[in-house]
Amino acid sequence: MLDEIKLVSCYRTGNQRDDSEELEEWLPNINEGKTKGRHQRGTVEMAERKKVTKRVAKPKEPKPKEPKPKAERKPRAARVSKAKKAKTKTEQQTEDAVLPKPESQQHVTVKEERLSVNLSSHNAAVPEDMPHECPSSSQHFPKVKKEEPDDSFTFDEPAQKKQRTTNAAQGRPIKLKSGNSCVEDIEMNWDPIQVLAEKTGVEQWVCANIAQLFQEENTIPFMVRYRKELINHMDADAVRDVQLTLEELRSVAKKSKSVSQTLKKEGVLTSELEMALKNCTTAGDIDHVYAPYKKGSKLSKARRAKELGLEPVALALLQAPQTLDLHSSIQPNTKGLSTLDEVTTGVQEILTDMIAKDKETLTHRTGGGGTDGALLCLALCRLSLQVTLLFQTLAINRGENLKILTVKVNIPDWVKNDFCRWCINVRWRPQGFAQPELMTILKNAIEDSYRRFILPFLSRGYRTKLTASAEKESIAMFVRNLRQRLLMCPVRGRVIMGVDPGFHHGCKIAILSPTITFYFFFNSCQTIVIGNGKACRETEAFFTDLIKQRFFKPLDVSYCITDEAGASIYSVSPEAVKEMPDMDPNLRSAVSIGRRVQDPLAELIKIDPKHIGIGTYQHDVSQSLLRAALDGVVQECVSFVGVDINICSETLMRHIAGLNAGRARSIMEWKEKNGPFLNREQLKLVKGLGPKSFQQCAGFIRINPETVRSSIDSGGNEGLKVPLKQTAEKKKVKGSGSASNQFNPLDQTCIHPESYSIALRFLSQIGGSLDQMGSAVLRQSIESSVKNRGLDVLDKSLDTTPETLQLIVDGLTQPPGFDIRQDFEQADFKREIVSMNDLHDGMVLTGRVTNTALFGAFVDIGVGRSGLIPKRFITPDKLPVDQRRRSLALGPGERVEVRVMNVDLQRNRITLDLIRVLR
C-alpha cells in the first residue's frame, strides 16, 4: 500500500461544521500559478481519475436493485482479494511495518496559512483498481513542491544496537549457569525469549543471558563492563532497550491474565478465547480479542435491540436470509417493534455491534494498511519551515493539549470502500439469497460500524504509533545529549572564577581553587567562567577589555562561556542549602557555574536533567520513560568514570551502580565515624551494603592513597595515622568474611575485586609487580607478552575470559588517576570577543555543539548567539565513521568546523553548514 501521510492545516472556528465542508474550505486550487512537475502531474492525474470514478459511481446509489452495478463491483473485489491472498508472509509483515516507521524525507510548501507535509517512506505500487488515493473530501491536496533528494542524515537507519566496547572477538553463545527460568512469570503460549529477540533484533542467547542477569539484580553498568561476554559486547543503550522490551512483554502477560479473569467472572471465557489471549504478543492484540466482550454505554442501542429479541433476526439475515420475513417481528404495542422501520433499525444496530466487535474484521483493517494515505487536519498558525515528522508530531500533540489546535485523522475514501466491499463479499456475506431490502440493511450496518467504531479505532492507532515513534526518538536524543554533556573533560589544576552575570543585582563572583572553594578574589586566578544568561555579552565585553589592557599582567587570563541552565534552580535546592548553608543563593549560582567547567559530571548530577537545557519536547513525552532513561544515563556516566569514595559528595555517590540514597547515606556515616576507606573490602563493613550491592558497586569505586593521606592529615583522626605499608590487620565482617586495613593498589583501577587473583597471577606470569602499575616498564612488558602469546592463549592459562583479561590489561597499564573523560572535549577558552556583525556568508569557523534537536544542531561560535546547522547539512560523508549510524550524529560538547550560510541580523539567526567534526 502507498504509505503517504499528508498534513494540512486549517484555522479552527468556533462553530464546527461538517468534516468535508471544513476541509474543502481550506484546500487551495491545485492549478493556481504552479508548474506541473513530475510529482504534481501525478497528483493531478489521481485527482482526475477520482473524478471519473465518482461520476461512474453516482448512478449506483439511486438504483440498488439493478444487477449491472453489482456485476461491476464483483470483479473489482475479486482482484483485491486475490492480490491480498497472493502476498507472501514476508510481504505482509513488511506492509504491516510501514506505519510505525514514519522517519523519511519531507518537503514542505506553505501558501498563506496552509502547511502540507508529504511523507513517502516506501514507493509501493498502488493497486490499479484503487486509483483515487485521495482524502474523503471532494477536493484534492495542494501540490507538493518538488525538491532535490535530501542527503541529510535521516532516521531511516535504526540506531546501532550492538556497539563493541573492546577489541575482543565477536561474542559467542555463552549461557549462564542457573537452574531458575528468568521468565517464569510470563505464562503465555509463545516463548518470551524468542519474541524478545524478534522485537529487539538481538540474538536469542544474548536475550536469555540479559533476562537472567536482570533476574539476578545486576545493573546495566556492571553488565556492560564486567559481563561483556554474556551480552555480546552490547552497549548500555542496547541493553536498556532489551530491558524495556522485556518489561513490555511482562506487562502483556499481566494484562492477558487480568482479562482472562474478568471474562471468567462474566462467564464468557472459553478454552478457545483463553488460548487466543495467551497467543497475544502486544497490548493491542489483547484489545482486539477483548473488544467483542467489552461493555459500554455506546452500545446501548444494540443491547436494547437484543433485549427486544431481534438478535435471532439479525443472525438469520446472515445465515438464512431467504427465509427471513421482517414483518413477522412487528409488535404494534411494543416500543422498538411497532413498525417495520423500528425493526429494521434494531437489526441494523445489532449487526453494527457485531461487525465492530469482530476480531477478524479488526485484524483485517489494522493488518491491511488501514491508515495508508491518512490525513492529519489541524488548526495551525502561519508557518514556513522544513520540519521533521517526529518533531512535528510532538508539536501537534502539545498544541492539542493546550487547546490551541484541533487535530483529527482523515482517512481516504478508498479505505472505507475497500472495507465495505470486503465485509459484504467476504466476511459478512449472507449464506443464501438476500432480498435487496435486506442487503440495504447489511450495507448500512457496515457503513455505520465503520463510521462509528472502525474509523475512530484506526485514527487512535495511527496517532498512537506516530506519538510512540516520536517519543522514542526524542528520549533517545535527550539521552545522547545528556551523556555527552556529563562526560565533558574536566578542567583540573586551575583556579577558576565563576561569574553569574546580571543587571539589577550585578555580577556574582566565586573563586574556586582546585580542591577547596573560596569566595574572595586572590591573584592566582587565570581562568574565568561566565554564565550565558542575561548580561552575558556585556560581562564578556568587560573582561575582554581588561585582558586587552593587560589588567591581569603578569597572569595569562582567558575566559569561556558556559551554559548556566538550572543554576538558579540548584541555588535554592535543599542540596545547595546543605552544601553551602550560610551563602546567598546568588553566590551559590556563581559557584555552580564555575564548577560546571571544573568538574561537569560532579556538578550537573546535582540538577534535574530536565533543567540542564538539552533535548527537545521533554515535557511532551512519557515522563516515566524519560525519567528512567535519564537516571540510567547518569548512573552509567558516574560508574564508568569512577568515583573516589573518600572525597565525593553524597549526591554523586548515590548514582553509583548498586548504591542508592540510603546506602550512600550509610557510607557517609561510616566515614564520619571511622575515617576514610583504606580499601574496597572495608565497604563490606557498611550497614545495609550486602554482597550483591558490593559486587555491583565495587568496580566503580576508587581508593586513592593521596586523598586518603590528605583526609587523615587534615581530619584530626589520630588513630588513623598509620603507615601505608602496614601489616595486614583484619576485622571480621558480618556475613562477608574479613576486611583488611591495608592499601591495595588494584583499588585505584577499574579491575573488579572478583578478578584480583587473576590479575596477580597475570603479573606473576610476566614478571611484574603492583608497584609498577601504570609505568612504562610494566606497559611494555604486558604489550610484549600479549603480542607474543595472544589474549586467547593467556586467558586459557589464567582460566578466565578474553574480556576479563583485557580489562585487567587496561587497569594495569593506565596511569594513576586515569580519567576516561580526558579524551573527551573540554570547554573552549578565548581572549577576545566576536559579534554577529563580524560574520559574513562563507566564513569558516570552529565551534562547539550546545544542543541538538530533531531538526538540527545548535553550535556556539562565540558571537553570543548559537547558530543552527539544519539536519539536511549533517550528511554521513561529513561525520566520523563511528557516528554515521547515530540519529543526527551530533551531540553537546563536540567541536565542529562550520561555514556561515546566512546571517539574519533582524531575527538574530545564524544558519551554518557542517564541514567536519574536529577530534
Side-chain angles (χ1 to χ4, degrees), residues 159 161-163 165 171-188 190-255 257 281-283 472 475-476 479 622 624-640 654-660 663 689-700 752 754 801 803-804:
K161 289 194 175 182
K162 290 176 278 185
Q163 296 183 4
T165 55
R172 56 201 179 283
I174 300 175
K175 292 186 178 181
L176 288 169
K177 297 179 181 179
S178 176
N180 298 326
S181 173
C182 55
V183 288
E184 287 182 346
D185 54 327
I186 304 180
E187 300 176 354
M188 303 293 282
W190 35 264
D191 183 1
I193 300 301
Q194 181 179 354
V195 175
L196 181 63
E198 292 173 355
K199 287 180 175 289
T200 59
V202 179
E203 293 88 341
Q204 266 189 257
W205 67 271
V206 179
C207 290
N209 286 349
I210 292 176
Q212 185 63 45
L213 287 168
F214 280 124
Q215 185 76 7
E216 296 173 357
E217 299 181 352
N218 291 283
T219 61
I220 291 179
F222 178 81
M223 294 160 59
V224 171
R225 173 167 287 182
Y226 299 111
R227 296 295 184 265
K228 296 178 182 178
E229 69 277 5
L230 296 177
I231 63 173
N232 200 15
H233 303 273
M234 291 171 62
D235 66 1
D237 290 337
V239 176
R240 188 182 300 108
D241 185 32
V242 175
Q243 181 187 30
L244 293 176
T245 306
L246 181 59
E247 292 302 320
E248 289 177 3
L249 294 180
R250 285 198 167 97
S251 176
V252 169
K254 184 177 180 181
K255 183 174 183 178
K257 185 177 181 180
T281 58
T282 66
K472 183 177 181 181
I475 292 175
V479 164
S622 170
S624 59
L625 292 178
L626 179 61
R627 169 53 60 186
L630 297 182
D631 288 346
V633 171
V634 173
Q635 185 186 68
E636 294 156 20
C637 293
V638 172
S639 300
F640 292 153
R654 70 180 60 152
H655 292 290
I656 301 174
L659 300 184
N660 53 29
R663 292 167 188 154
L689 205 152
K692 192 65 182 182
S693 298
F694 175 80
Q695 179 198 41
Q696 298 299 305
C697 73
F700 306 114
H752 198 278
E754 66 185 9
T801 63
E803 292 80 8
T804 301

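Since this is a predicted model, take the numbers as computed values, not measurements.
Taken to the nearest 0.5 Å, the OG atom of S693 stands 12.0 Å off from the CD1 atom of I656. Atom-to-atom distance recorded for S622:OG and I475:CD1 is 6.0 Å, nearest 0.5 angstrom. Considering CG of D241 and CG of L246, their distance stands at 11.5 Å, rounded to 0.5 Å.
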Decide yes or no on side-chain contact (heavy atoms from CB on, under 4.5 Å) for R225 and H752, but give the supporting numbers first.
-> CA-CA 10 Å; R225 173 167 287 182; H752 198 278; over 6 Å; no
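Partners of R654 by side-chain hydrogen bond (donor to acceptor under 3.5 Å, both in side chains), not counting sequence neighbours: none found. For S251, there are no side-chain hydrogen bond (donor to acceptor under 3.5 Å, both in side chains) partners, not counting sequence neighbours. Contacts of T282 classified as side-chain contact (heavy atoms from CB on, under 4.5 Å), with partners at least two apart in sequence or in another chain: K199, D285. In this view, D631 and R627 satisfy the side-chain hydrogen bond (donor to acceptor under 3.5 Å, both in side chains) rule, not counting sequence neighbours. Remark: A197 pairs with Q204, C207 by the side-chain contact (heavy atoms from CB on, under 4.5 Å) rule, at least two apart or across chains. By the side-chain contact (heavy atoms from CB on, under 4.5 Å) test, P192 pairs with V183, I186, W190, sequence neighbours left out. Annotation: ring-ring contact (aromatic ring centres under 6.0 Å, His included) contacts of F700 (sequence neighbours excluded): Y226. Take H655 and apply the ring-ring contact (aromatic ring centres under 6.0 Å, His included) test, not counting sequence neighbours, and it matches no residue. With sequence neighbours left out, D185 forms a side-chain hydrogen bond (donor to acceptor under 3.5 Å, both in side chains) with R250. Every residue two or more places apart in sequence or in another chain was checked for a ring-ring contact (aromatic ring centres under 6.0 Å, His included) with F694, and none qualifies. Every side-chain contact (heavy atoms from CB on, under 4.5 Å) that K692 has, sequence neighbours left out, goes to E216, E217, N218, Q695, Q696. Remark: E754 pairs with R227 by the salt bridge (charged side-chain N to carboxylate O under 4.0 Å, His left out) rule, at least two apart or across chains.
With R663 contributing its side chain and G658 its backbone, the two residues share a donor-acceptor pair below 3.5 Å.
The closest side-chain heavy-atom distance from W205 to N232 is below 4.5 Å. Side-chain contact between T245 and V195 is absent, with no heavy-atom pair separated by less than 4.5 Å. For the pair L230/Q212, no side-chain contact is recorded, criterion being any heavy-atom separation below 4.5 Å from C-beta on. Residues F214 and V242 form no side-chain contact, since every pair of their non-hydrogen atoms from C-beta on lies 4.5 Å or further apart.
Closest non-hydrogen pair, A211 versus I193, comes out as CB-CD1, 4.2 Å. Residues L659 and L689 come closest through the heavy atom pair CD2-CD1, 3.8 Å. Annotation for L249 and T281: closest pair CD2-O, 4.0 Å, computed over non-hydrogen atoms. Smallest separation of non-hydrogen atoms from Q635 and P221: OE1-CD, 3.4 Å. Here the closest non-hydrogen pair linking L196 and T200 is O-OG1, 2.7 Å. Closest approach of A629 and V479 over heavy atoms only: CB-CG2, 3.7 Å.
Applying the 6.0 Å contact sphere to NZ of K255 captures more than 12 heavy atoms from other residues, nucleotides or ligands.
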